[in-house]
Amino acid sequence: WRYSPSLFREWSVQDLFEPGSTFKPINLALALEVGVIKPGGTINDTGKLFVGGWPIYNHDRSVNGVIDYPKILQVSSNVGMVKTMRQLKPSLYWDWLHKLGLDSRLETDLPGAIAGQLKGKGQFVSQPIEQATAAFGQGFSLTPIKLAQLHALIANGGNLITPHITKGLLAGDTLATRTHLQSQKLLSPEVTRVVRVWMESVVDVGSGRGAKTPGYRIAGKTGTAQKALGGEYQAGLKTCSFVAVFPLDNPRYVVLVVVDEPLGENAYGSTVAVPVAKDIIDGLLVLEKIPPSNNQQDWQP
C-alpha cells in the first residue's frame with residue numbers, strides 16, 4: 001500500500017503504445033497479401049515527402065534511393081513504407097487493420113486486457129496523413145501482447161492465434177494447463193515466409209545485427225517510436241522495441257522487448273531493446289535445446 005497501484009499493472013495487456021517500425025513487417029505482409037506489391041519490387045526512397053501538407057522524413061533524414069523491400073526494413077525507411085502502403089486503397093487498408101483486431105480486446109489469461117486504439121474508418125480514409133503514419137506504425141496504438149500476436153501470425157504461416165499461458169504457475173502452485181488454441185486464417189503461408197526472410201536480413205545486415213547468433217537463423221525488426229501526450233508528440237519521449245522470430249527453419253518463438261522512455265541521446269530500438277532480446281534468445285536456445293539451423297539464408301544481399 002506504500003506504492004502506486006500502477007507499479008503492479010500487467011502492462012503487457014493493459015498499456016497501449018504506438019509500435020513504430022516493429023509494425024512495418026505487418027504492413028508489408030498486408031500489401032503482399034492484397035497483391036499491390038511483389039517480392040522483387042522496389043521503391044524510390046527520396047528521403048522526404050509531403051502528405052496533406054505534413055512533411056515525412058526518414059528517422060535519420062537519409063535518402064536511400066531505389067531500394068527493395070528487405071532494404072526498407074534494414075534501414076527502417078519511413079518514406080519507403082508510405083510509398084508502399086499508399087498503393088493500397090485506404091478503405092481496404094483500414095479494413096485489414098480492423099480485421100487484425102487492432103481495435104478489439106484480446107481474450108487471454110492475463111488480467112485486465114484492453115483494446116487498442118484505431119482511428120475511425122471515416123477519418124482514416126478521408127485524411128491521407130492517417131494512412132501515411134500508419135504505414136510506419138504510428139497514429140494507432142496497441143498492447144505489447146497484441147503486437148506479439150501479430151508477429152506470431154507472421155511466424156506461424158498466417159494464423160491469428162489467441163495467446164494463452166502454457167507454462168508457468170497460476171494461483172498457489174498449480175501449473176497452467178494447456179488451452180485449446182483458437183485461430184483464424186488471415187494470411188497465406190507464402191506471404192508470411194517472404195516477410196520472415198525479409199526480417200532475417202534485418203538481423204543479418206540491418207539494425208537488428210545485435211541479436212545475431214552464429215549458426216542460427218533469426219528474423220527481427222527494431223522500432224523507435226515517438227510518444228504522444230494530449231494528442232501531441234513530445235520531444236525526447238520515445239518507446240524503443242525489438243521483435244524477433246526464431247528459429248527460422250521452423251519458427252517456435254516470438255520475443256518482444258519494449259522499453260518505455262529510455263534515457264540518453266543514443267536510445268533506439270537497436271541500442272536499448274536488442275541487447276535485452278539477445279539475452280532472452282540465447283537463454284531459450286540453451287534451455288529449449290534448439291539445434292543450429294540446417295538451412296542457409298534465403299535472402300540475397
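Start at 1 with the first residue, then count along the sequence.
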- Task: Determine whether the side chains of Glu18 and Ser141 contain a donor N or O and an acceptor N or O closer than 3.5 Å.
- Result: no

- Query: Going by heavy atoms in the side chains, are His151 and Ile26 under 4.5 Å from each other?
  - Reply: yes

- Salt bridge present between Lys99 and Asp95 (N-O < 4.0 angstrom): no

- Query: Would Ile280 and Phe242 show up in the same hydrophobic cluster when neighbours are defined by side-chain heavy atoms closer than 4.5 Å?
  - Reply: yes

- Which atom names give the shortest non-hydrogen contact between Leu248 and Ala219, and what distance separates them? CD1-CB, 3.6 Å

- Message: I need the Arg105 CZ to Lys146 NZ distance, nearest 0.5 Å.
- Response: 12.0 Å

- Query: Salt-bridged, Asp260 to Lys227, with N to O below 4.0 Å?
  - Reply: yes

- Side-chain contact, heavy-atom cut-off 4.5 Å: Pro70 with Leu73? no

- Item | Charged tip of Lys38 within 45° of Tyr69 ring normal and under 6.0 Å | no

- Query: Have Ser77 and Asn64 got a donor and an acceptor in their side chains that come within less than 3.5 Å?
  - Reply: no

- Note on the structure: Of all heavy-atom pairs linking Ser207 and Val274, the shortest is O-CG2, 4.4 Å

- Message: So, taking the atom named CE in Met85 and the one named CD1 in Ile43, what distance separates them when rounded to the nearest 0.5 Å?
- Response: 11.0 Å

- Item | Side chains of Asp15 and Thr143, donor plus acceptor under 3.5 Å | no

- Task: Give the intermediate values and the outcome of ring-ring contact (aromatic ring centres under 6.0 Å, His included) for residues Phe23 and Phe140.
- Result: CA-CA 11 Å; Phe23 200 83; Phe140 64 89; 4.9 Å; yes

- Query: Are side-chain N/O atoms of Glu10 and Ser12 paired as donor and acceptor at under 3.5 Å?
  - Reply: yes

- Here the gap from Trp96 atom CH2 to Asn27 atom CG, rounded to the nearest 0.5 Å, amounts to 12.0 Å

- Closest non-hydrogen contact found for Lys185 with Gly157 is NZ-O, 2.8 Å

- Item | Validation row: Gln138, Gln226 side chains within 4.5 angstrom (heavy atoms) | yes

- Query: Do the non-hydrogen side-chain atoms of Leu186 and Leu100 ever get within less than 4.5 Å of each other?
  - Reply: yes

- Message: Distance alone, cut at 3.5 Å: any donor-acceptor contact between the side chains of Lys71 and Thr42?
- Response: no

- Message: Looking at Arg209 and Asp204, is there a salt bridge between them, counting it only when a charged N and a carboxylate O are closer than 4.0 Å?
- Response: no

- Task: Grab the two heavy atoms, one from Val79 and one from Ile56, that are nearest each other, plus how far apart they are.
- Result: CG2-O, 4.0 Å

- Query: Got Val34 and Gln87 here, is their nearest side-chain heavy-atom distance under 4.5 Å?
  - Reply: no

- Would you say the side chain of Arg217 lies within less than 4.5 Å of the side chain of Val203, judging by non-hydrogen atoms? no

- For Val202 and Gly220 the tightest heavy-atom approach is CB-O, 3.3 Å

- Between Ala273 and Ser241, what is the shortest heavy-atom contact and its length? CB-C, 3.5 Å

- Is the shortest heavy-atom distance from the side chain of Glu130 to the side chain of Gln123 under 4.5 Å? yes

- Task: Taking the side chain as every heavy atom from C-beta outward, state whether Phe246 and Ile290 have any atom pair closer than 4.5 Å.
- Result: yes

- Note on the structure: Interatomic distance, CD1@Ile114 vs CD@Gln14, rounded to 0.5 Å, equals 7.5 Å

- Query: Do Ser76 and Ser21 have side-chain N/O donor and acceptor atoms under 3.5 Å apart?
  - Reply: yes

- Item | Passing candidate, side-chain contact (heavy atoms from CB on, under 4.5 Å) with Asn78, options Leu49, Asn58, Ile72 | Asn58

